[in-house]
Amino acid sequence: MEHILKGINLNKTFGTKDRNIQALKDVDFYIDEGELLGIAGESGSGKSTLLNVMSGLIRPDSGELFYREQEYTGKGPSQTGKFLQMIFQDAKNSFDPRFTMERSLLESRRKKTDRDALCGILKEVGLDEKLLKRKASELSGGQCQRMSIARALYSEADILLCDEITSALDVSSQAQVVGILKRLNTERKLTAVFVSHDIALLSMLCSRIMVMKDGIEVEQGVVEDIVRRPKHEYTKLLIESARKQSL
Amino acid sequence: MKKRLLTLMMTAVLALSAVACTSAGTGNETVTDGTETTEAAETSGDATQETVEIDEGNSGSSDKILRTAASFAYASLDVHKEYYGWYTSIYGVSETLFKMDENMNAVPLLAEDAVADGSVWTITLKDGVAFSNGNPLTADMAVRNLQRLAEVNERFAYLADFEMTAVDDKTFTVDTGDVYPTLRNELASPEFGMMDLDATTDFDNDPICTGPFVISKFQPEGDVEVVRNENYWGGDVNLAGAVFYYMQEDDPKLLAMQSGEIDCYNSVSSAALAVYEQEPDKYNVVSIPGARLQFYILNENTLDDAVREAINLTVDKDKIAEYLSGTVSPAVGPFNTNAAYGKVTVPAVDTAKAKEILEADGYMLNADGFYEKDGEKLTINIKYYAARSLDTIAILIQEQLKEVGIDSVLGVEEDPDATYIATGDFDLALYCMIADKAGDPLYFIESTLMDGAYYDCGGFDDAHCEELIGELKYETDTVKRAELANEIIQIAIDDNAFGYVGLFNSTTVLRPGVSGFAETIPFDFYGIDADTTIE
Amino acid sequence: MKKRISRKKAVKIKLVIMAALALSVVFLTLFAGVIAKNDPYQTCATSIRTAPCVDYPFGTDNLGRCIFARVLYGGRTTIAATFALVFISFAIGTVIGMVCGYYGGLIDRLLMRLADITLGFPQMVVAIAVAGILGGGIKSAMIALGITMWVSFARLARSHTFSIRSAAFVQTARFAGKNDAYIIMVHVFPNLLAPVLTNALTQIGTTMIGLSGLSFLGLGVIPPAAEWGAMISEARAYIQIAPWAVIYPSVATIITIIIFNYLGDVIMDYREVR
Amino acid sequence: MIRNILKKIAEIVLILVILSFFVFLLLYIAPGDPAEKRLTSQGVAITKQVLDAERERLGLLKPFLVRYGEWLLSVIRGDFGISFKDDMPVAPKLYKGLLNTFFLAFTSLSVSLTVSFILGVSSALRKDSMLDHAVRIYSFIANSLPNFLISVLLMYFFCIKLNIFPVIASGDIQGLVMPVLCLSIPMTGRFIRQIRTEVLNQMNEDYVMGMKCRGVKKHYIALNIIRNSLGHIFTIVAIQIGTLMGGSVVIEAIFRWPGIGKLVMDSISARDYPVIMGFVLIMGTIYIVVNTLSDMLDKILDPRIEKE
Amino acid sequence: MSETILKIQDISLTYEECPVVTNLSLDVKRGELLCIVGESGSGKSTLLRAVCGDESVQVTEGSIIYEACDIVGMKGAERQKLKGTRIGYIQQNPYGAFNPLRTIEAQFRETLKSHGKTFRRTDLREIFGILELNNSDEILRSRPYELSGGMNQRIAIAASFILRPELLLCDEITSALDVTTAAAVMEELLKLKSENGTTIVIVTHNIGQASNIADRIAIMYQGKIVEFGESEKVLMQPEHEYTKKLLRDVPRL
């Protein structure tokens, strides 16, 4: 069965002056079309590095990456941008402070401007067209994040890579953004990878979850198995601690 | 734990302030010590006299010590080298065989007389002349001094070609090969100062000379102190000692004079002069035309005769002298008018005639009031260097030419000899040099008028003039020499090759009761001597 | 929110006043020809060192030239030279800073090492050496100061480029397939313009001090051109008999420097409050 | 650890060589030369042969690279050569000049550092008090005064009008006050501003809030703040050393202080290459030594700082 | 659980010249664990800072009664005595409790000396034990920047408990920590609370966390308390619209 995106024993080490940190150790992953993959893990677990390697922002030390069975290891964001888009945690900073929303969005499309496609997308993410004239500083965090999603869709990317995009938002905005992603997934078969430290959030949003610790993939499986019947010690501790901090 | 932090802080603040006070305290020694220890002044072997500790009482002038300021301070006191002799002479340490007096004549000092018979000069020394360490000055020592000068000083290398023999204890002869009329004047140059070559061990810091004073404290390129030479051959010495503060800038000299820290100094600036003239009772000023000439060279290759004549008729020397308020006297020729060889005539300033000449030569006034000839504006390229008020003179000449309708452009060079003098890239080149080196016109004429001379860079060339210069070289009779010199200079003036602007005044300011600081002698290399007194 | 707005308003008012003052100084010197009746280069033997009077509002110097005219014309030289120097250093420094900040690696280390040396070396001595060697004139003085001035701009531009380069919107632009040149011109440069320009303003004061210092040592402007530092240096010798010849150019220098320094500070506050 | 010290030293030597080559080239292309400067110092006219003989003696006729090579070799052997101005050895001249400038610079530095430290810290701790406003106004004006202006005005008032201080700075305390004052005023202006901002930054750090809520006594907190801002203050001082040495050139010229600044000023006009080159090397080394020292001190005082 | 240890009566606060809290009342019972839940900008932190006497927060009206006297007006030594020994405070930033450049021991001694107490290793070892900080000697010698976030927050808690405060205010102390560390730190805090009987007020944006540990919960929204009561009541029958929306939007496990 052909996975839309696949990675085989990816390794990455960051060398600082006095000691080297092994961020990724022989990590494999795969995503199927229309699937919403969650990657859970604490800070330093390598979940963000994995996402950056997937997106081409960081070059892996070893291992291969495939998009629809075509290898794209080592390719930079300008190539990978053809089939995937990345959304970042800092919503306001994802837009050039001096640009209007419209100019930022138009900048991200490689083909010529398509006005009505743009308006259609805006409706889907529940944003008013008038906001296009505004600058990032005039929008709320939630609005900015939804605008980023609109930008990714407008650039006709197949896959969306989200790096802790709701961690900085308040609870209601977070719920809104998650709702939109869920709807896009069910209605438009949107494929996405969602990285977060909040396993409760992942359990509501994703179909499959990967748990990472110290650069290693500790466990991977359907949400049901991970939450109800965790196999690995660390996953149990993670679920247990999360349960203590949620309703 | 807390205590350690507190002490750390306290020590940091205290240390900083403590260092400030102690270093200020010990500073006293470091500055002067640093300079003294490296000098061998005190420790030189056979300096017989012990150092007299001079109290630098600040209140008014102590009766016997003279304090003055010097514009230059060299790193060595070796009389024969470079221009160090000038300053050992000013310090009253070194003396020469002959001395220049007010009327530019070389009068006897260490020598009795010098007589020329053809190309052989016979020089006899005075009796009783001796060095500060008591050794008498013999003819042989004098000859050896001249030979050392030829060896160590490029400018006097020509002495090596002369045959010098000591006839007896008091007389020696110098055979110059062919007639050499100016030897007597040259012997008066400070570089010819006599040193006891056998007794002096450290020529740079402690030369043994014949002068009325000896060095007591010497900081190279710094302040110098001298004390009376107890066994001076020339009799009593009025002053007990003197201090020469090294001050390059004019303005600290003025301030020091006003605050009473110095008693007199020479080469007074025009600003200081204006201040002193306001309080005649506190300062008396003596100003006499000096030997340093400010003049300009007109480039005959780029300016035709009419333009040069017009320029010389426009530049108003009296007005320029007025601007420089008393530090410069308007010049006629290159030499002092009361010198025999200074009798030349220069046409008076006449701007109307200047315009006539220009218009006769085809120049017309254009729209913005400047002369131009067949479309090309006449622009004089004035080149100068920013020293000895040449910058002020350049501005004033530019201004005066503008009034007549001649446009000009100012160009400053940091170093004239390597630029416009060497390349001739100028229309009007300002320069300042000593014209009357030792009471004889030959040196200046040879440097500026003779064909191929370093400063004849304005294309001046006149066959008759060359002939006269040839004659002057060998003419021994002084009256005849003066006539020849006047004739030569007159040719240059009539040809409008040069413009003699002014003679720097040798201006000295003295506190009442101070006298004998060579204020009446127009040469820069005299200072204190046995007769200098301070009431 | 009430007090916060008032602080913002207060800064705005200060900004307007200082900008007006700065502009008035610039206009005063620009229209020197109109304001000053006398010609600054006109020497006049009869009125050497005259005290301030009707026809010579600031008195005359030791060549009889009107100091009022010379202060205005001098201002023009000083301010024009300062602005030109600051602008050139700004341009060079920003370009180098951006290149270093964006690409990093060997160029960055090399250029920053060079910056350290020029910054460390005593600016005045470098200025004297260059001005002394290249001969006088305002151009060589500007080169002399320029050698060490571009460094502060380069460092500031470099640090801002670092932060912009890692910003999310730059990564997104990369995903949109934009090349380095586009990113630098469209995203990096416009966003670092404001902070670097503010720094340029604060440099004006120090540059003026540098330039007048050089003229004071005789290495700046060639006589007879008027420039505050040179005027003070010339008149210093006559301070006792013609103190006005020193006082007026000094006051002009101090006031202008204070105005531009304070303008720099106010703009910095304004950008913080905004 | 030793490896990167060696690397640093190699880097320093390389910089100095490049620097000296650049300055040598600058001197070579400059108009005028020492021989003719020397001969015309008293305004007596020179002749062609005398000039050429002198140039020959000073070795000015050799090609550029040969002269630079010779100079470099002699410096490596520790011999700074003889001055073109008066044939005296260069090393003692530079040493004496350096000693005097260092003494003047060090006194002014310690005076202004002490004053600025006390004023800067107290004005920051009592923000927006009367003292704070006064200190800020002073430092603003002091920052806008060129030091040559201060020296002219101070000299006029103190030396002439009030006749308190002597014009001739003869090295004793009295002669020292004026030059130190002229150097310190602009420097205190800069120091106070920087120290005050640094202390204010420290006061906004979270740990100050933490300590206050634990009821830690006020002056303990103040000591903590000062201790943390010390690191930065030493870097400010290191940068100032360069400008201080430069600034003192003007002051030395005016107060006739026999420092290295004045010596260099004279040697530039006399085109005295060996002295200028010696000066370049010394200033280069001083700068680099001071810089490495301040980096090390930085590391000790605030180990967190990772040098990128 | 009956006696009120702290009474805040319709208090209005301004921070950096803008009003943040407007006439809010709240009372804290002795020995209870009260959670104040609110989003960023709701004024919960400013309220806490006002109680622990941070000068940058201006109390424009209302009073804070502690031990029968209004501590708002109190100044100088008297107020300083209360800080730490009676009312403790822990910040969100784990590195915010201590001066990063000085050893932990030096700062413990400094805090104790400010209250005239002497530093004894034995008291500390006991508290460290509960907080799972077993190599106490090594910790005391090291500097805060050398230790992890979790470790620093535990040491901050120890620093508060060593002064035996009656009332401990915690401002989002776990939101900067990883999930597992947060859970462990919270457990250790509850252990210390039960052992010392300290009243604890915890401010958090995560209602899930509050639901597990709080006796009573107060919901804050735009500077006002919109819901206040026993945790079961607030969670099961929320009255205010905002609380309902909050409970709906929070992800459940």
Side-chain angles (χ1 to χ4, degrees), chain D residues 117 121-129 131-132 195-237 294-308, chain E residues 45 48-49 51-57 76-102 106-117 142-146 152-153 155-156 158-163 165 168-171 176:
Chain D
F117 187 82
V121 170
S122 42
S123 72
L125 292 179
R126 285 180 207 78
K127 195 169 185 314
D128 297 333
S129 65
L131 172 74
D132 189 19
I195 291 175
R196 185 173 170 279
T197 344
E198 180 55 27
V199 171
L200 283 179
N201 293 348
Q202 284 298 332
M203 280 161 73
N204 300 335
E205 294 281 337
D206 287 344
Y207 72 85
V208 173
M209 164 81 175
M211 285 178 165
K212 277 186 186 147
C213 294
R214 277 205 304 278
V216 174
K217 286 228 169 58
K218 247 200 179 353
H219 64 270
Y220 287 145
I221 298 179
L223 287 180
N224 270 288
I225 290 172
I226 293 170
R227 187 230 171 284
N228 284 15
S229 36
L230 267 185
H232 189 75
I233 290 170
F234 280 110
T235 6
I236 300 168
V237 170
S294 95
D295 285 352
M296 271 187 259
L297 211 57
D298 235 6
K299 206 88 187 76
I300 297 160
L301 284 170
D302 192 344
R304 281 176 312 181
I305 292 178
E306 283 309 312
K307 283 278 173 272
E308 16 73 37
Chain E
S45 297
L48 220 56
R49 281 172 174 224
V51 172
C52 86
D54 178 352
E55 293 97 9
S56 61
V57 175
E78 216 186 326
R79 183 73 185 81
Q80 194 262 338
K81 254 212 309 337
L82 289 183
K83 285 186 185 172
T85 48
R86 314 304 286 278
I87 304 175
Y89 177 80
I90 305 172
Q91 295 175 59
Q92 173 179 357
N93 169 11
Y95 295 94
F98 295 105
N99 177 347
L101 305 179
R102 289 180 56 225
Q107 304 196 49
F108 264 90
R109 283 180 187 279
E110 184 180 54
T111 313
L112 289 165
K113 194 153 176 276
S114 301
H115 292 289
K117 292 194 171 108
S142 51
R143 287 180 170 71
Y145 71 88
E146 290 158 346
N152 262 291
Q153 199 64 311
I155 296 167
S160 302
F161 272 95
I162 202 157
L163 295 168
L168 182 61
L169 310 171
C170 306
D171 187 351

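For the numbers below, each heavy atom of this structure counts, side chains included, while hydrogens, waters and symmetry mates do not. First the proteins, then the strands, lettered A, B, ... as listed; each starts at 1. Keep in mind it's a predicted model, so treat the numbers as computed, not measured.
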J.: State whether a side-chain donor-acceptor pair under 3.5 Å links D/Asn224 with E/Glu110.
T.: yes
J.: Counting only heavy atoms closer than 4.5 Å, note whether E/Glu55 contacts chain D via side chain, backbone, both or neither.
T.: side chain
J.: Do you know which of E/Tyr95, E/Tyr89, E/Tyr145 has the most heavy-atom pairs under 4.5 Å to chain D?
T.: E/Tyr145
J.: Could you list the residues that satisfy side-chain contact (heavy atoms from CB on, under 4.5 Å) with D/Thr197, not counting sequence neighbours?
T.: none
J.: Applying a criterion of heavy atom separation less than 4.5 Å, what residues of residues 204-214 of chain D form contacts with chain E?
T.: D/Asp206, D/Tyr207, D/Met209, D/Gly210, D/Met211, D/Lys212, D/Cys213, D/Arg214
J.: Is the side chain of E/Asp171 donor-acceptor paired with the backbone N or O of E/Ser45 at a distance under 3.5 Å, no angle test?
T.: no
J.: Using non-hydrogen atoms only, which part of E/Ile90 is less than 4.5 Å away from chain D: side chain, backbone, both, or neither?
T.: neither
J.: I'd like to check the side-chain contact (heavy atoms from CB on, under 4.5 Å) partners of D/Thr235; sequence neighbours left out, ordered by chain and number.
T.: D/His232, D/Ser294, D/Asp298
J.: Which pair of heavy atoms, one from D/Ala124 and one from D/Leu200, lies closest together, and at what distance?
T.: O-CD2, 3.8 Å
J.: According to salt bridge (Lys or Arg N to Asp or Glu O under 4.0 Å), who are the partners of D/Asp132, at least two apart in sequence or on a separate chain?
T.: D/Arg136, D/Arg196
J.: Verify, without hydrogens or angle tests, whether E/Gln153 (side chain) and E/Gln91 (backbone) share a donor-acceptor contact under 3.5 angstrom.
T.: yes
J.: Where does E/Asn93 contact chain D at under 4.5 Å (heavy atoms): side chain, backbone, both or neither?
T.: side chain
J.: I'd like to know if the side chain of E/Lys117 and the backbone of E/Leu112 have a donor-acceptor N/O pair within less than 3.5 Å.
T.: no
